[in-house]
Amino acid sequence: QVQLVESGGGLVQYGGSLRLSCAASGFTAEYWRIGWFRQAPGKEREAVSCIAKSDGVTYYAESVKGRFTISKHSAENTVYLQMNSLKPEDTAVYSCAIKFGTPHGSVWWRKSYEYDYWGQGTQVTVSS
């Protein structure tokens, strides 16, 4: 059974940093992409970042470029999201999701329906 478990969320002050982890298990697929999404109260879910296991290609939302860095530990099927210079508008529940296979293009990663399995989410709160 495929499982994704997020950790690392919490409360941080404006300008602070957090590192989220997403540990994926229960599969043997060699090709996957793991994306991070976030959803703030009253807002739509937003794609934040994504990384490919095979070649390490990364994608970022404009709102987090230069502040967030996604990375992976392929052998452990774990993905990290280093979040620096956090702002109150980054406050949300952050969830990771996995897509198996090798999709093409640079748009699919933003679509939540493209992903096969989701984690339960972790709360990130940035105080001003």
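Numbering of residues begins at 1 and proceeds along the displayed sequence. Scope of the values below: all heavy atoms of this structure, side chains included, with no hydrogens, waters or symmetry mates.
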With sequence neighbours left out, what residues match C50 under disulfide bond (SG atoms under 2.5 Å apart)?
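None.
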
Which value, rounded to the nearest 0.5 Å, describes the distance between [X] atom [atom1] and [Y] atom [atom2]?
X: F100; Y: D116; atom1: CZ; atom2: CG; result: 6.0 Å
X: E46; Y: S112; atom1: CD; atom2: OG; result: 12.0 Å
X: L4; Y: C96; atom1: CG; atom2: SG; result: 4.5 Å
X: S127; Y: L86; atom1: OG; atom2: CG; result: 10.0 Å

[Y] side chain reached by [X] side chain, heavy atoms, under 4.5 Å:
X: Y117; Y: Q3; value: no
X: Y59; Y: I51; value: no
X: V124; Y: M83; value: yes
X: L81; Y: S49; value: yes

Compare every heavy atom of A24 with every heavy atom of I34, then report the nearest pair and how far apart it is.
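Between these two residues, the closest heavy atoms are CD1-CB, 4.1 Å.
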
Please report the shortest heavy-atom distance between R33 and G101, naming the atom on each side.
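Result for this residue pair: NH1-O, 3.4 Å.
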
Side chain to side chain donor-acceptor pair (under 3.5 Å) partners of T125, counting only residues at least two apart:
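For T125, the residues satisfying side chain to side chain donor-acceptor pair (under 3.5 Å) (neighbours in sequence not counted) are Q123.
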
N77 and W32: side-chain donor and acceptor closer than 3.5 Å?
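N77 vs W32: donor-acceptor pair found between side chains.
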
Results of side-chain contact (heavy atoms from CB on, under 4.5 Å) for Y31 - residues two or more places apart only:
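S54, T102.
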
Got a sec, which residues hit side-chain contact (heavy atoms from CB on, under 4.5 Å) with Y14, two or more places apart in sequence or on another chain?
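Y14 satisfies side-chain contact (heavy atoms from CB on, under 4.5 Å) with K87, P88 only.
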
Give the ring-plane orientation class for F37 versus W118, where under 30° counts as parallel, over 60° as perpendicular and anything between as tilted.
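Tilted.
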
Donor-acceptor pair, side chain of [X] and main chain of [Y], under 3.5 angstrom:
X: T78; Y: A23; answer: no
X: Y115; Y: W109; answer: yes
X: N84; Y: S17; answer: no
X: T91; Y: V126; answer: yes
X: E6; Y: Q120; answer: yes

Under the salt bridge (charged side-chain N to carboxylate O under 4.0 Å, His left out) rule, what pairs show up with a residue in residues 89-110, not counting sequence neighbours?
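Output for this query lists R38-D90, R67-D90, K99-E114.
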
With sequence neighbours left out, which residue pairs that include part of residues 60-81 fulfil the ring-ring contact (aromatic ring centres under 6.0 Å, His included) condition?
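Residue pairs passing ring-ring contact (aromatic ring centres under 6.0 Å, His included), neighbours aside: none found.
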
Could you go through T122 and V93, starting from their C-alpha distance and side-chain angles, then the distance that decides it, and tell me whether this counts as side-chain contact (heavy atoms from CB on, under 4.5 Å)?
CA-CA 5 Å; T122 185; V93 174; over 6 Å; no

Go through the steps to decide whether W108 and Y113 satisfy the test side-chain contact (heavy atoms from CB on, under 4.5 Å), and finish with yes or no.
CA-CA 9 Å; W108 67 269; Y113 59 76; over 6 Å; no

Chi angles and distances behind the side-chain contact (heavy atoms from CB on, under 4.5 Å) call for S7, L20:
CA-CA 6 Å; S7 60; L20 304 183; over 6 Å; no

